[in-house]
Amino acid sequence: METHEREPTRAWVLHPDLKSDQHRRMAEYALEEAVALAAALPDLEVVGAETVRLQRPHPGLLFGTGKIAELKQRMEEAEVELVLIDGPVTPVQQRNLEKEWGVKLLDRTGLILEIFSDRARTREGVLQVEMAALKYQRTRLVRAWTHLERQRGGLGFVGGPGETQIEADRRAIDEQLVRLRRQLDKVVKTRELHRSARAKVPFPVVALVGYTNAGKSTLFNRLTGAEVMAKDMLFATLDPTMRRVDLPEGGPEVILSDTVGFISDLPTELVASFRATLEEVLSANLILHVRDISHPETENQCANVLEIMESLGVNKDTTVLEVWNKIDLLPEDERAATRQRADRDGNIFAISAVTGEGIPDLMQEVARQLASETHESKVSLSFSEGRKRAWLFDHDVVEKEEQTDTGFELTVRWTARQEKRFRDL
């Protein structure tokens, strides 16, 4: 019997370069990232990619009619089946463009959701992606069923208009979201139990964060000896991975956590859905912000990561070390200058996760930070100081608590900064 392999879907990538966008990125690198996103999807062949310069988006079609006709001709010649637009597209624009071009269309959010859907492996990851996809679909319900425009309510001809098909679909999505949220809550509780068990064994947590494809998983593999998927591909790692690591020179044992990579314009649905996964970052004792220092847009990528960390609610007291990765890709003179810049700042380390250059110095600093980070104290609180007691538990610093006749005696382990903030309450 002959086996027929499935032909890859022929895709065309468009990056709308909006002159009216104050935060617009360099079109060349934005298009390059969009093509890399497309390449992250399996069974997809990018047959064309271009930047379309726009003064402002057309409300109904996004592009002007002349540009749409020009693109249609090129797409027909290339036998394109899927168009990927690197930016937001309204439901009306999506429907009109699909009708004009006769192809399926995905915007940036839809593309990222497709990638996450393909990559999710754990039960938690699958649930989170499904929730994010449903929230996205809920916003894109447009009137597509004219024959079901209204389902009549009541009896005979005197009944009210009933609910529209869109309302029925929206209600069905809401019900499915409630079911998924309940399932996810169970998974999250299991994760919290694991986190509580780790808290009893005093292993500090070191979290790796950074822009997608910055080299977090390669660094994670080098430090732990694990075999997490590490490829030159956006979102190669999706589900969080944790391993125990022995720090050098008698440093403490730590839990190293590899998380999903961030990206500019990360869909809000995904940020909300993946909050549970990223809680490892929220509870980390130390964060390593891994940057691809060889990338032309490394500063913009850094700003995007910091913005997402802030939106997640990462504690401002948590120490963050910047790890400038991929210095092996820099020219020799630029590499030397980058090392000098990093050496002048005690919180920056220039490394190569591939060659191992600079990693020993980084790990020594991690050991030093964690060894000197926490100390144990005794705290006495009266029954009326409930706010202070709640603050201690919220920051997960309580190791032991005993109730006395006048209040509570607590044994806490915290950083100097946490203690100062507590004293200032």
Side-chain angles (χ1 to χ4, degrees), residues 124 181-182 184-207 209 240 242 244-247 249-257 259 271-272 274-289 306 308-321 346-347 365-425:
E124 184 177 18
R181 202 167 281 120
R182 284 182 188 142
L184 186 59
D185 284 344
K186 291 178 184 176
V187 179
V188 170
K189 282 176 185 173
T190 305
R191 183 180 285 279
E192 284 172 354
L193 288 173
H194 291 164
R195 192 179 292 125
S196 300
R198 284 199 303 274
K200 291 174 184 174
V201 182
F203 288 159
V205 174
V206 177
V209 302
M242 308 189 80
R244 199 177 77 179
V245 177
D246 293 321
L247 292 178
E249 299 179 4
E253 291 182 3
V254 300
I255 300 285
L256 192 65
S257 172
T259 59
V271 173
F274 274 77
R275 181 177 287 274
T277 301
L278 295 166
E279 276 176 0
E280 298 299 347
V281 178
L282 301 182
S283 62
N285 301 78
L286 181 68
I287 293 174
L288 301 184
H289 176 190
L306 295 177
I308 294 171
M309 282 171 61
E310 186 178 343
S311 72
L312 286 168
V314 173
N315 195 329
K316 292 179 181 177
D317 288 340
T318 306
T319 303
V320 179
L321 300 181
N347 285 339
E365 179 60 21
V366 169
R368 192 188 70 78
Q369 288 276 354
L370 294 175
S372 62
E373 188 187 39
T374 61
H375 62 281
E376 194 175 283
S377 303
K378 299 285 186 183
V379 176
S380 299
L381 298 175
S382 65
F383 287 117
S384 63
E385 293 178 296
R387 180 166 163 258
K388 287 189 172 183
R389 179 170 174 268
W391 188 95
L392 292 172
F393 279 99
D394 284 345
H395 286 74
D396 200 23
V397 295
V398 178
E399 292 200 328
K400 186 180 175 185
E401 180 188 46
E402 292 179 359
Q403 187 171 328
T404 65
D405 294 337
T406 57
F408 302 95
E409 292 287 335
L410 300 100
T411 303
V412 297
R413 178 166 290 280
W414 52 12
T415 65
R417 277 183 291 185
Q418 285 174 324
E419 183 174 8
K420 182 180 183 305
R421 284 187 64 196
F422 173 78
R423 304 298 180 198
D424 291 342
L425 285 177

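Because the structure is predicted, anything quoted here is derived from the model rather than measured. When reading the values below, keep in mind they use all heavy atoms of this one structure, side chains included, and skip hydrogens, waters and symmetry mates.
In this structure, NZ on Lys388 lies 7.5 Å from CZ on Arg423, to the nearest 0.5 angstrom. Remark: Glu399 CD to Leu410 CG distance equals 11.0 Å, nearest 0.5 Å.
Ring pair Phe383/Phe408 is perpendicular by interplanar angle, where above 60° counts as perpendicular and below 30° as parallel.
Under the 4.5 Å side-chain criterion, counting only non-hydrogen atoms from C-beta, Phe422 is in contact with Val379. Counting only heavy atoms from C-beta outward, the side chains of Leu381 and Leu392 approach each other to under 4.5 Å. Within the 4.5 Å cutoff, the side chain of His289 has heavy atoms near those of the Leu306 side chain.
Listed by chain and residue number, nothing satisfies the ring-ring contact (aromatic ring centres under 6.0 Å, His included) test with Phe393 (two or more places apart in sequence, or in another chain). Residues satisfying the side chain to side chain donor-acceptor pair (under 3.5 Å) criterion with Arg387, sequence neighbours excluded, are absent altogether. For Glu401, the side chain to side chain donor-acceptor pair (under 3.5 Å) criterion is met by Arg389, not counting sequence neighbours.
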Going through the checks in order, is the side-chain contact (heavy atoms from CB on, under 4.5 Å) test met by Lys378 and Thr411? CA-CA 5 Å; Lys378 299 285 186 183; Thr411 303; 3.0 Å; yes

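The residue from Val254, Asn285, Leu286, Leu256 that alone fulfils the side-chain contact (heavy atoms from CB on, under 4.5 Å) condition with Val205 is Asn285. For the side-chain contact (heavy atoms from CB on, under 4.5 Å) criterion with Val206, the lone passing option out of Val245, Leu288, Leu321 is Leu288.
Nearest heavy-atom pair across Ser380 and Glu409 is OG-OE2, 2.8 Å.
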